[in-house]
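Note sheet for the following structure.
Quick note: numbers below take in every heavy atom, side chains included, and nothing from hydrogens, waters or symmetry partners. Every chain is numbered from 1, with letters handed out A, B, ... down the list of sequences.
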There are 2 protein chains.
Amino acid sequence: MKDGPNIARIAALLGESARADALTALMTDRALTATELAAIAGVTKQTMSAHLSKLLQASLIAVDQQGRHRYFRLADEDVAGLLESLMGVAFRTGSLRLLSSPREPALRKARVCYDHLAGELGVLAYESLVRHNLLAMSQQGLRLSPAGEEWFRRAGIDTETAHRERRSFCRACMDWSERRYHLAGSLGAALLSRVHELGWARKEKASRVIRFTSVGDREFRRLIASA
Amino acid sequence: MKDGPNIARIAALLGESARADALTALMTDRALTATELAAIAGVTKQTMSAHLSKLLQASLIAVDQQGRHRYFRLADEDVAGLLESLMGVAFRTGSLRLLSSPREPALRKARVCYDHLAGELGVLAYESLVRHNLLAMSQQGLRLSPAGEEWFRRAGIDTETAHRERRSFCRACMDWSERRYHLAGSLGAALLSRVHELGWARKEKASRVIRFTSVGDREFRRLIASA
DNA sequence: TTCATTGTTCGACGTTAGACGAACCATTAC
DNA sequence: GTAATGGTTCGTCTAACGTCGAACAATGAA
């Protein structure tokens with residue numbers, strides 16, 4: 001049975017903690033530079049550079065050059081799917097790593113995932129919307145109910161514009177720190193951008209952390225409780 | 001971001017050729033002994049024994065003791081899914097090993113993937129349905145057209161029951177041996193079960209191979225050509 | 001221009017882990 | 001009983017690979 005896809009080669013690339021850390025980070029952040037990835041994985045940039053070139057050669061990641069920066073991202077959805085599958089098995093078999101890093105708590109509380117809100121607050125919002133039937137799972141995926149449209153309107157979010165965007169309107173995105181869902185899609189992006197607009201929070205530079213002000217935290221929780 | 005499922009640990013276990021060979025063999029044959037696996041992977045039995053105990057400890061495989069024999073098998077469907085996913089990516093990125101083994105052809109022609117038909121015949125069916133607009137990709141994923149409903153009805157498959165199942169009705173699943181799609185979801189499962197019902201094929205014991213009779217092969221091809 | 005920053009290449013070092021021989025235990029066959 | 005087979009454990013060897021320091025190229029900012 002020495003035939004078929006060479007899974008060992010691909011798996012070996014994922015089976016090294018620095019590379020796995022980098023890929024996991026790329027699941028959340030769409031594009032990161034080599035130095036950022038090096039910091040995340042806790043290795044020097046030379047080391048990360050070597051890892052990235054291996055991942056590139058195997059077409060697991062792709063790169064966009066912008067001036068002196070090179071933004072790395074996952075090659076395609078299949079790779080993301082593979083990582084999800086891997087996380088699923090790792091989770092089921094109880095293979096967790098419970099090491100926390102100093103920045104963890106903030107990251108855990110609220111962070112940006114692509115362009116929407118993830119972490120505790122993101123999950124809280126999503127679950128509140130679902131509990132009050134403003135969002136509902138249908139056969140076609142997640143749907144916003146008429147009452148939900150109204151709630152977003154009252155929150156000052158124009159769902160019409162979000163509807164017109166070409167990408168998916170609203171979908172549930174698995175939150176790795178919480179292992180529950182949060183709101184993604186253009187609707188999720190609109191919600192986060194409204195939060196910024198109201199001055200409730202701002203994104204930390206060169207990080208995925210979203211730092212809520214104390215007022216912002218209170219107001220955001222009040223808003224989602226009003227669902 | 002050193003938190004969450006430890007994917008590197010699992011991936012590292014799959015990223016070694018002897019272990020990968022063993023797991024791949026277990027995808028096809030449900031239960032094999034340590035010595036058989038050692039022969040397949042081309043290592044001594046002590047070596048395979050060490051590998052198997054690592055895989056056992058990580059709950060990627062399970063074992064059934066029978067006298068002095070120990071029959072190893074994949075732990076669950078998630079592990080099989082992970083391996084398929086891995087094969088898919090390995091194929092897409094052109095990571096192949098081109099040594100053939102005698103039993104491959106049957107597996108390539110028709111096999112069970114979860115509960116639906118994969119391999120040449122699975123891909124053939126899927127592509128024929130798509131070509132005749134019985135299946136169509138929509139924004140929401142794969143959809144069965146009214147003409148498609150009719151075709152399945154004529155084939156003796158009750159799409160209503162399949163619709164009512166909680167899981168997804170029809171979706172495209174990447175076929176690792178063909179590198180193209182085949183039909184999955186409750187509709188795919190219904191098609192395969194109809195094939196068994198008509199006596200066109202039967203699943204080989206302790207393997208993923210689906211063995212078509214010569215009549216069954218002809219009739220199945222005729223059926224999908226009638227789309 | 002000068003300087004800081006991003007990212008790569010090269011070489012050397014050290015750890016890891018896979019490989020096998022040999023010895024061992026357990027089960028079944030004769 | 002003895003012999004044969006399936007499987008594991010132990011110790012040792014070796015090759016592979018991740019790691020970093022240092023040096024270098026390219027880009028952009030002051």
Original post:
Over how many whole Å does the gap from Asp21(A) atom CG to dG18(D) atom C1' extend?
Top reply: 14 Å
**OP:** Check whether the ring centres of Phe169(A) and His163(A) lie less than 6.0 Å apart, and answer yes or no.
**Re:** yes
Original post:
Contact boundaries of DNA chain C with chain A (under 4.0 Å, heavy atoms), 5' to 3'?
Top reply: dA4(C) to dT9(C)
**OP:** Take the angle between the ring planes of Phe220(A) and Trp200(A) and call it parallel below 30°, perpendicular above 60°, tilted in between.
**Re:** perpendicular
Original post:
Roughly, in whole Å, what's the span from CG in Asp64(B) to C1' in dG7(D)?
Top reply: 16 Å
**OP:** Round to a whole Å and report the spacing from CD of Gln57(A) to P of dC17(D).
**Re:** 13 Å
**OP:** Just call it for Thr47(B): base, sugar-phosphate, or nothing, with non-hydrogen atoms closer than 4.0 Å on any strand.
**Re:** base
Subject >> Heavy-atom check, side chain of Phe152(A) versus side chain of Leu129(A), under 4.5 Å >> reply: yes
**OP:** Grab the NZ-C1' distance between Lys54(B) and dT8(D) for me, whole Å please.
**Re:** 15 Å
**OP:** Could you grab the distance from atom OG1 of Thr24(A) to atom CG of Leu74(A), nearest 0.5 Å is fine?
**Re:** 9.0 Å
Subject >> Side-chain N,O (Thr44(A)) to OP1/OP2 (dG21(D)) below 4.0 Å >> reply: no
Original post:
Below 4.0 angstrom from OP1 or OP2 of dT19(D), is there any side-chain N or O of His51(A)?
Top reply: yes
Original post:
For Ser53(B), which contact category applies under a 4.0 Å heavy-atom criterion: base, sugar-phosphate, or nothing?
Top reply: nothing
Original post:
Between atom CG of Leu124(A) and atom NE2 of His182(A), what is the distance when rounded to the nearest 0.5 Å?
Top reply: 13.5 Å
Subject >> Any side-chain heavy-atom pair of Leu192(A) and Ile210(A) under 4.5 Å >> reply: yes
Subject >> Any Ser49(B) side-chain N or O less than 4.0 Å from OP1/OP2 of dT8(D) >> reply: yes
**OP:** Rounded to the nearest angstrom, tell me the gap between atom CG in Leu56(B) and atom C1' in dT9(D).
**Re:** 16 Å
Subject >> Which nucleotide in dT9(D), dG21(D), dG18(D) has an atom nearest any side-chain atom of Gln46(A) >> reply: dG21(D)
Subject >> Rounded distance (Å) that lies between atom P of dC17(D) and atom CG of Leu52(A) >> reply: 18 Å
Under 3.5 Å donor-acceptor pairs involving side-chain atoms of residues 52-63 of chain B, not counting sequence neighbours:
{"residue": "Ser53(B)", "atom": "OG", "partner": "Ala50(B)", "partner atom": "O", "Å": "2.9"}

**OP:** Return the value, rounded to whole Å, for the distance between atom NZ of Lys45(B) and atom P of dT9(D).
**Re:** 13 Å
**OP:** Output yes when at least one side-chain N/O atom of Arg70(A) is less than 4.0 Å from OP1 or OP2 of dT27(D), else no.
**Re:** no
